[in-house]
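Any value given below was found using the heavy atoms of this structure, including those in side chains, with hydrogens, waters and symmetry copies removed.
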Amino acid sequence: MNEPADIDRPPEFSFPVKAEDVPAGGKTYKISADDAARAALAERLELAALDRLKGQVTLRPLAGGPMIIATGTLEAGMAQRCVVTLEPLPVEVAEEFAVEFGPPEHESLAETEREFTLEDPDPPEAIVDGMIDLGELLTQQLALALDPHPRKPGVDLDSVLAEAPAGRREAIERGGASGPFAKLAQLKK
């Protein structure tokens with residue numbers, strides 16, 4: 001996958017909210033990505049297409065302190081490429097999420113040297129320059145929801161090789177493994 005958005009470059013889909021403007025009772029935002037944002041996100045996330053991306057996010061202060069929790073839903077319609085055939089596969093995503101945000105000083109506490117276990121809660125995301133970017137939050141949640149190895153139903157590498165022309169299939173089978181470990185295996189023999 002491509003690297004996350006550069007710090008100097010604005011995100012492809014941005015909906016900034018001032019953390020200090022979040023009322024004590026919370027506030028709900030409904031957002032959706034426009035055509036340009038979806039095209040840029042499709043490139044960033046290496047999707048064949050991103051036809052729809054929308055979400056509803058509720059921001060609420062935690063215990064009246066500097067921490068804010070973002071809870072919401074994400075809906076997306078897209079196409080990912082099959083890892084075997086490279087054909088576009090239609091994909092629908094509907095996810096719920098909850099993410100905590102805190103001032104940058106909370107981030108430094110999370111990075112102190114100590115052992116972490118799988119049971120430990122995730123450290124809060126940083127509130128950067130007093131802002132929480134709901135567009136980037138939805139983008140990150142979408143990236144987490146993607147299948148890293150999408151595959152067309154009923155397709156595997158053997159079936160694709162069986163359908164390849166005889167000359168191409170023989171070349172692939174004759175080629176065998178390559179790379180440094182394949183060379184070491186040959187030396188072992």
Side-chain angles (χ1 to χ4, degrees), residues 1-62 66-107 110-111 121-153 155:
M1 192 172 339
N2 292 338
E3 294 297 317
D6 293 333
I7 293 172
D8 296 336
R9 188 182 80 202
E12 297 86 350
F13 176 36
S14 184
F15 190 94
V17 174
K18 278 187 175 180
E20 66 185 28
D21 290 348
V22 176
K27 186 171 181 181
T28 299
Y29 302 86
K30 291 183 179 183
I31 61 175
S32 61
D34 63 18
D35 292 343
R38 288 194 318 272
L41 287 173
E43 184 177 331
R44 173 177 165 187
L45 300 175
E46 297 180 355
L47 301 171
L50 181 57
D51 303 318
R52 183 179 82 258
L53 174 59
K54 65 181 183 174
Q56 181 171 308
V57 182
T58 300
L59 297 178
R60 183 176 43 84
L62 285 174
M67 302 287 289
I68 293 177
I69 187 163
T71 56
T73 58
L74 157 75
E75 293 180 26
M78 70 198 91
Q80 286 186 276
R81 296 221 179 265
C82 172
V83 294
V84 177
T85 66
L86 300 180
E87 294 177 47
L89 302 173
V91 177
E92 291 291 321
V93 171
E95 295 281 325
E96 293 183 3
F97 59 87
V99 178
E100 292 180 359
F101 288 85
E105 63 265 12
H106 286 289
E107 184 178 77
E111 293 176 3
D122 288 337
E125 296 291 323
I127 297 172
V128 179
D129 297 328
M131 306 295 277
I132 296 173
D133 191 339
L134 301 184
E136 184 61 21
L137 173 62
L138 284 185
T139 301
Q140 291 176 9
Q141 295 304 311
L142 175 61
L144 290 171
L146 293 176
D147 181 350
H149 307 288
R151 188 178 293 219
K152 185 177 176 181
V155 172

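A 4.5 Å side-chain heavy-atom check between V91 and D147 finds every atom pair outside the cut-off. The closest side-chain heavy-atom distance from L142 to T139 is not below 4.5 Å. Annotation: side chain of P150 is in contact with side chain of V83 (closest heavy-atom distance under 4.5 Å). The side-chain heavy atoms of F97 and L137, taken from C-beta on, include a pair separated by under 4.5 Å. Residues K152 and E87 form a side-chain contact, since some pair of their non-hydrogen atoms from C-beta on lies under 4.5 Å apart.
Heavy atoms only, all atoms of each residue included: E96 and T73 are closest at CG-CG2, 3.9 Å. Across all non-hydrogen atoms, the minimal contact from A48 to P88 is CB-CB, 4.1 Å. Closest approach of F101 to A70, counting heavy atoms only: CE1-CB, 3.9 Å. Contact detail for P66 and P103: the closest heavy-atom pair is CB-CG, 3.5 Å.
The distance from the NZ atom of K30 to the CG atom of L134 is 14.5 Å, given to the nearest 0.5 Å. Note: Q80 CD to L146 CG = 5.0 Å, rounded to the nearest 0.5 Å. From D133, atom CG reaches atom OG of S14 across 3.5 Å, with rounding to the nearest 0.5 Å. Note that CG of L74 and CG of L53 are 6.0 Å apart. Values are rounded to the nearest 0.5 Å. Taking CD from E136 and CD from Q141, the interatomic distance works out to 10.5 Å, rounded to the nearest 0.5 Å. Atom CD of E43 and atom CD of E12 lie 8.5 Å apart (nearest 0.5 Å).
D51 places no side-chain N or O within donor-acceptor distance of the main-chain N or O of M78, the cut-off being under 3.5 Å. D129 contributes no side-chain N or O that, together with a main-chain N or O of M131, makes up a donor-acceptor pair within less than 3.5 Å. For R38 (side chain) and L50 (main-chain N/O), a donor-acceptor pair under 3.5 Å exists by modelled atom type.
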Would you check, one step at a time, whether the test side-chain contact (heavy atoms from CB on, under 4.5 Å) holds for K27 with L59?
CA-CA 5 Å; K27 186 171 181 181; L59 297 178; 5.6 Å; no

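The only option from K54, E95, Q56 that meets the side-chain contact (heavy atoms from CB on, under 4.5 Å) definition with E75 turns out to be K54.
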